[in-house]
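For the numbers below, each heavy atom of this structure counts, side chains included, while hydrogens, waters and symmetry mates do not. We name chains A, B, ... by the order of the sequence lines, and we start the count at 1 in each one.
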Protein chains: 2
Amino acid sequence: MELDDRKIKILKAIIQNYLETGEPVGSRTISKYSDLNLSSATIRNEMSDLEELGYIVQPHTSAGRIPSDKGYRFYVDELIREKENEVTEMRELVIQRVDRVELLLKQLAKLLAVNTNYATLISGPQYHQTKLKFIQLSRVERGKLLVVTVLEGNIIKNSIIRVDAELSDEDILNLNILLNNSLNGLTIGQINLDVITRMKEQAGARGQIVDAVLSEIAEAIRTNEEDLQIYTEGTTNIFKYPELSDGEKASQLISTLEHKELLKELLTEDDGAKKKNEIQVYIGSETQVQSMNDCSVVTANYELGDGLRGTIGIIGPKRMDYDKVVSTLRSLMNQLDDTFKKEER
Amino acid sequence: MELDDRKIKILKAIIQNYLETGEPVGSRTISKYSDLNLSSATIRNEMSDLEELGYIVQPHTSAGRIPSDKGYRFYVDELIREKENEVTEMRELVIQRVDRVELLLKQLAKLLAVNTNYATLISGPQYHQTKLKFIQLSRVERGKLLVVTVLEGNIIKNSIIRVDAELSDEDILNLNILLNNSLNGLTIGQINLDVITRMKEQAGARGQIVDAVLSEIAEAIRTNEEDLQIYTEGTTNIFKYPELSDGEKASQLISTLEHKELLKELLTEDDGAKKKNEIQVYIGSETQVQSMNDCSVVTANYELGDGLRGTIGIIGPKRMDYDKVVSTLRSLMNQLDDTFKKEER
DNA sequence: TGTTAGCACTCATTCATTGAGAGTGCTAAC
DNA sequence: GTTAGCACTCTCAATGAATGAGTGCTAACA
């Protein structure tokens with residue numbers, strides 16, 4: 001038995017109806033509100049087939065049908081025709097970017113949460129591909145050096161390191177020159193033993209400071225790398241959907257969103273195929289995260305001009321409005337692209 | 001009619017029992033589990049009096065009694081004898097402080113959330129009392145200056161400003177010297193028109209850069225001031241208490257905790273009397289925040305060595321274990337004090 | 001005068017029962 | 001292949017009885 005044209009139409013009608021109402025949908029409803037002009041009995045037969053094929057399920061005998069994960073998957077893959085879906089307020093927002101990436105990300109997330117009525121999460125960009133642009137040491141007090149590291153895209157990292165040795169102003173100046181000459185333009189990944197050895201040679205007596213500084217830079221960058229910054233917004237939106245908000249489930253879900261460890265996998269798992277602007281949909285158990293088996297997640301990889309890449313995700317009930325979410329995300333990505341291309345000109 | 005000794009004992013018994021069970025407590029329970037050796041009938045008479053006096057209420061006829069806000073207030077004010085209550089893991093934690101204040105705060109909050117099983121929130125320190133320690137301008141690229149500001153306590157703020165004028169290395173050096181000479185040791189509040197005018201005079205042709213830098217510094221500091229940093233932890237703990245976790249309430253509460261605007265009031269309202277280490281208890285409607293009328297909030301003002309002050313709060317159901325929470329907070333404050341005094345030696 | 005036993009009464013909660021409604025599957029007729 | 005009709009299933013909401021916890025009051029007691 002195969003999906004013929006009529007079955008597909010019925011399936012689509014079922015899913016769309018369910019997306020709207022959240023109630024199991026019966027044969028009579030489809031018979032009345034579709035343009036197929038078939039009696040409920042006929043629909044029933046077809047539904048029976050669709051169930052056998054695994055696209056829909058019955059919560060219990062004598063209830064209507066609801067889409068299965070497979071059904072949703074088919075719907076998302078085959079039946080959605082994206083429509084344009086402008087994200088409001090986008091324009092004004094992006095203007096403020098430049099040096100406050102986290103702020104921008106948070107605002108983006110909030111924007112999406114408000115626009116879609118689902119929960120949003122966004123991962124901070126990962127920096128290991130990003131080039132060093134500027135490094136500066138300065139002494140703030142005896143025995144403590146301030147290290148300021150600026151990455152492409154004007155991401156700024158600070159840290160304070162303790163040094164036992166006494167450094168003169170001239171020492172610091174020289175170190176600064178050395179650091180900038182040797183490291184600017186490199187990515188973290190490119191700072192290998194070779195580079196380090198060469199620097200140490202040039203630093204002479206100050207070699208150990210070089211070590212400390214380098215590890216501190218690595219550390220500063222890794223800080224956002226390891227415990228990957230993830231921002232969530234609109235988590236309380238999940239209370240809007242009864243199937244997620246009752247009791248235990250809500251608790252677990254909110255908890256998952258609060259403790260970001262699990263989310264990390266969610267946002268980074270498709271690392272290999274991390275194509276820019278590609279939008280992924282994970283339905284139910286496709287997410288691999290236990291507490292999200294009643295949810296769907298839509299993710300997109302963003303890029304902010306200078307190679308700063310991260311992932312943005314929208315979490316909602318399985319019966320989320322995939323169409324709207326996908327097109328909203330797509331539109332957001334495009335607007336981001338536009339804005340950042342313009343800036344670079 | 002007044003609270004005599006026996007009434008107090010009964011009230012205490014009622015409250016303690018209710019704190020444990022969360023169920024209305026009846027006369028028979030008190031009669032059995034207190035050392036008063038009174039029959040339930042006598043207790044009933046006393047309870048009737050206590051109700052008339054406003055310390056307890058009946059959810060409905062023929063239910064037991066539960067404490068009223070007034071009852072809790074009396075309990076908190078008069079009946080708690082604090083016991084020592086070490087916060088575990090404290091020691092290892094504080095070591096990491098130094099330059100990552102936000103991280104420390106988050107960890108503290110988490111620690112408290114885990115220790116108490118309530119939700120925790122903590123406000124980042126406010127900086128207007130904090131002195132500038134070090135300022136540095138550097139050029140990262142054409143037309144853009146990086147401003148690094150270090151405050152007492154090694155709080156570091158960065159920002160990037162655009163400058164139209166072309167600045168030589170020497171200009172920058174001079175500006176740095178001027179800035180540090182003029183501003184180091186001052187608090188933001190102390191940077192008045194007088195200081196600014198004097199600096200502009202000295203800067204001569206570069207006066208407008210001084211303006212830009214100063215406003216950027218003010219901005220950088222205000223960023224954490226205005227949209228006051230507030231971190232929450234353990235918000236999902238509220239699901240552990242049925243009286244908070246059912247339906248609408250949980251939603252509103254979590255929402256309040258997510259959108260930090262309202263919390264600001266909560267943490268800063270006692271500004272005037274902001275005595276260090278003072279612990280405040282707000283019961284039910286005493287919090288002024290609508291969505292928290294079923295909660296109690298315990299706050300304490302912390303101080304991290306260098307005059308960095310903020311507030312930490314614990315949010316739980318009205319029947320929270322005040323005793324434990326208060327003593328835990330107290331102990332935490334003491335340990336913080338100890339640690340930071342030691343560091344300063 | 002304070003304390004207690006006893007009793008009638010109230011109210012929430014639980015459980016089973018019932019009926020309505022929605023929806024199905026199957027069969028027989030078109 | 002489509003449809004009307006019917007018996008059947010299951011959920012849900014309403015009903016009401018039983019239960020039990022707890023009270024308030026009264027009368028008796030020390």
Nucleotide by nucleotide, 5' to 3', does protein get under 4.0 Å of the base (B), only the sugar-phosphate (S), or neither (-) in nucleotides 3-19 of chain C, counting heavy atoms?
SBBB---BBS-------
What I want to check is whether the side chains of Asn301(A) and Thr311(A) have a donor and an acceptor closer together than 3.5 Å.
yes
Less than 3.5 Å apart, any donor N or O on the side chain of Thr235(B) or Thr232(B) sitting next to an acceptor on the other?
no
Ion pair Asp77(B)/Arg73(B), N-O distance below 4.0 Å
yes
Ile66(B) CD1 to dA21(D) C1', in whole Å, measures 16 Å
Looking at residues at least two apart in the chain, or sitting in another chain, which of them share a side chain to side chain contact (heavy atoms under 4.5 Å, CB included) with Lys9(B)?
Asp5(B), Leu36(B)
Would you please name every residue forming a side chain to side chain contact (heavy atoms under 4.5 Å, CB included) with Pro242(A), sequence neighbours left out?
Arg319(A)
Taking CG from Asp49(A) and C1' from dT24(C), how many angstroms apart are they, rounded to a whole number?
14 Å
Checking Ser39(A) against Ser31(A): is there a side-chain donor and acceptor pair closer than 3.5 Å?
no
By side chain to side chain contact (heavy atoms under 4.5 Å, CB included), Ile8(A) pairs with (sequence neighbours left out) Leu3(A), Phe74(A), Leu79(A)
If the cut-off is 4.0 Å, is Arg65(B) near the phosphate of dG24(D), judged by side-chain N/O to OP1 or OP2?
yes
Out of the candidates Thr287(A), Ile283(A), Val76(A), Ile315(A), only one should pair with Ser296(A) under the side chain to side chain contact (heavy atoms under 4.5 Å, CB included) rule; please name it.
Ile283(A)
Secondary-structure string, 5' to 3', Watson-Crick or G-U under 3.5 Å, | for another-strand partners, for DNA chain C:
||||||||||||||||||||||||||||||
Can you find a side-chain donor-acceptor pair between Arg44(B) and Ser27(B) that sits under 3.5 Å?
yes
For the pair made of NZ in Lys32(A) and C1' in dA22(C), what is the distance, rounded to whole Å?
12 Å
Here the distance between atom C1' of dG2(C) and atom NZ of Lys7(B), to the nearest Å, is 12 Å
Check the pair Arg65(A) / Glu51(A) against salt bridge (Lys or Arg N to Asp or Glu O under 4.0 Å), numbers first and verdict last.
CA-CA 8 Å; Arg65(A) 308 302 215 287; Glu51(A) 180 159 19; 2.9 Å; yes
Where the side chain of Thr21(B) meets the backbone of Asn17(B), is there a donor-acceptor pair that is under 3.5 Å apart?
yes
Heavy-atom contacts under 4.0 Å between residues 13-23 of chain B and DNA chain C, which residues?
none
